[in-house]
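Counting begins at 1 with the first residue of the sequence. Remember, it's a predicted structure, so these values are computed and weren't measured experimentally. Excluded from the calculations below are hydrogen atoms, water molecules and symmetry mates; all remaining heavy atoms, backbone and side chain alike, are included.
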Amino acid sequence: MSAPHFVSDAQIAAIGTQVLARTLPKQEWTHAAHLAAAAWIISERKDLLPARDMPGIISAYNIASGVANTDTGGYHETITQASLRAVEAFLRAQPEGTALHAACNALLASPYGKKDWLLRHWSQTLLFSVAARRTWIEPDLAPLPFPA
């Protein structure tokens, strides 16, 4: 078994606050950090609506870290919205009182923590299309197992 990615809720909060402030070092904006930031925003930032606010948060962070939001790189709407649904459903399923860092580690160890989980629902061609990058595109292989 691999070591946990996260050791404290403070570590998760630091990632989330740095993404919001656009100060997280680019090399730290990993797949695990994406999921941790989403989990923190969903669970701790009740003033934000993740589905509405994450597109702007990620796009602004990308620009601040030198990543252009284009038809081939940067922000991806379908991946973001599907990932938010997965993180939110996963967090809701955790036992009450589960520490956020423990939930994030469990998420990363689950099928929804894998980078390729979306390809069980979308064909690669559709998922990586310009349309899916710019707008929400419904899955073409299998519906998502959690609601919008």
Side-chain angles (χ1 to χ4, degrees), residues 1-22 24 28-62 65 67 69-148:
M1 184 172 171
S2 64
H5 283 60
F6 303 110
V7 296
S8 70
D9 287 1
Q11 182 183 14
I12 303 290
I15 292 167
T17 56
Q18 288 176 58
V19 169
L20 288 178
R22 302 177 201 139
L24 184 74
E28 293 180 27
W29 190 224
T30 63
H31 176 68
H34 276 76
L35 295 177
W40 180 77
I41 286 171
I42 290 165
S43 66
E44 303 298 323
R45 290 298 304 265
K46 302 304 181 190
D47 58 315
L48 298 174
L49 296 174
R52 180 196 69 197
D53 297 329
M54 276 308 252
I57 291 166
I58 294 170
S59 293
Y61 173 80
N62 285 346
S65 63
V67 175
N69 298 301
T70 69
D71 287 345
T72 57
Y75 180 74
H76 192 297
E77 177 73 3
T78 300
I79 290 174
T80 297
Q81 296 301 333
S83 297
L84 286 170
R85 292 179 193 183
V87 171
E88 188 167 21
F90 194 87
L91 292 175
R92 272 196 315 267
Q94 297 304 297
E96 188 172 337
T98 299
L100 188 57
H101 76 281
C104 287
N105 287 335
L107 172 62
L108 287 165
S110 81
Y112 298 107
K114 308 300 179 235
K115 289 182 183 182
D116 65 351
W117 78 268
L118 295 157
L119 295 174
R120 291 193 306 271
H121 302 277
W122 284 267
S123 64
Q124 188 166 346
T125 300
L126 181 58
L127 185 60
F128 295 105
S129 68
V130 173
R133 181 175 289 281
R134 294 290 167 218
T135 63
W136 169 258
I137 300 291
E138 290 291 332
D140 61 336
L141 299 179
L144 293 175
F146 24 78

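Side-chain N or O atoms of His121 include none that pairs as donor or acceptor with a backbone N or O of Leu141 at under 3.5 Å. Between the side chain of Ser65 and the backbone N or O of Asn62 there is at least one donor-acceptor pair closer than 3.5 Å. When atom types are taken as modelled, the side chain of Ser129 and the backbone of Leu126 share a donor-acceptor pair closer than 3.5 angstrom. Side-chain atoms of Thr78 come within 3.5 Å of backbone N or O of Ile137 as a donor-acceptor pair. Between the side chain of Arg133 and the main chain of Gly74, a donor-acceptor pair closer than 3.5 Å is present. Looking only at distances, a side-chain donor or acceptor of Lys114 sits under 3.5 Å from a matching main-chain atom of Leu108. Side-chain atoms of Asp53 do not come within 3.5 Å of backbone N or O of Leu48 as any donor-acceptor pair. Without hydrogens or angle criteria, Glu28 side chain to Leu24 main chain gives no donor-acceptor distance under 3.5 Å. The closest donor-acceptor contact from the side chain of Asp140 to the backbone of Ser123 lies under 3.5 Å.
The environment of Arg120 atom CZ is dense: over 12 non-hydrogen atoms of other residues, nucleotides or ligands sit within 6.0 angstrom.
Of all non-hydrogen atoms in Pro50 and Ile41, the two that sit nearest each other are CG-CG2, 4.1 Å. The shortest heavy-atom contact between Ala33 and Ile15 is O-CG2, 3.8 Å. Nearest heavy-atom pair across Pro139 and Ala142 is CB-O, 3.1 Å. The minimum heavy-atom distance between Leu144 and Ala82, with the atom names listed, is CD1-CB, 4.3 Å. Between Leu84 and Ala38, the shortest heavy-atom distance links the atoms CD2-CB, 3.9 Å. Closest of all the heavy-atom pairs between Ala37 and Val19 is CB-CG2, 4.3 Å.
For the atom pair OH (Tyr112) and CZ (Arg85), the distance works out to 12.5 Å, reported to the nearest 0.5 Å. Atom CZ of Arg22 and atom CD1 of Ile58 lie 12.5 Å apart (nearest 0.5 Å). To the nearest 0.5 Å, atom CD1 of residue Ile42 and atom CZ of residue Phe90 are 12.0 Å apart. Distance check, rounded to the nearest 0.5 Å: CG of Asp116 to CD of Gln124 gives 10.0 Å. The distance from atom OH of Tyr75 to atom CE of Met54, rounded to the nearest 0.5 Å, is 8.5 Å.
At a threshold of 4.5 Å between non-hydrogen side-chain atoms, the residues Arg45 and Leu20 count as touching. At a threshold of 4.5 Å between non-hydrogen side-chain atoms, the residues Gln94 and Leu107 do not count as touching. In this structure the side chain of Val87 never reaches within 4.5 angstrom of the side chain of Trp40, judged on heavy atoms.
A side-chain donor-acceptor contact under 3.5 Å links Asp9 and His101.
For the side-chain hydrogen bond (donor to acceptor under 3.5 Å, both in side chains) test, residues two or more places apart in sequence or in another chain that qualify with Gln81 are Glu77. Here Arg134 pairs with Asp71 under the salt bridge (charged side-chain N to carboxylate O under 4.0 Å, His left out) rule; sequence neighbours left out. Contacts of Arg92 classified as salt bridge (charged side-chain N to carboxylate O under 4.0 Å, His left out), with partners at least two apart in sequence or in another chain: Glu88.
With Phe6 as reference, Asn105 is the one residue of Leu35, Leu100, Asn105 to meet the side-chain contact (heavy atoms from CB on, under 4.5 Å) rule.
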One pair to check against side-chain contact (heavy atoms from CB on, under 4.5 Å): Phe128 and Leu118. What are the steps and the verdict? CA-CA 11 Å; Phe128 295 105; Leu118 295 157; over 6 Å; no
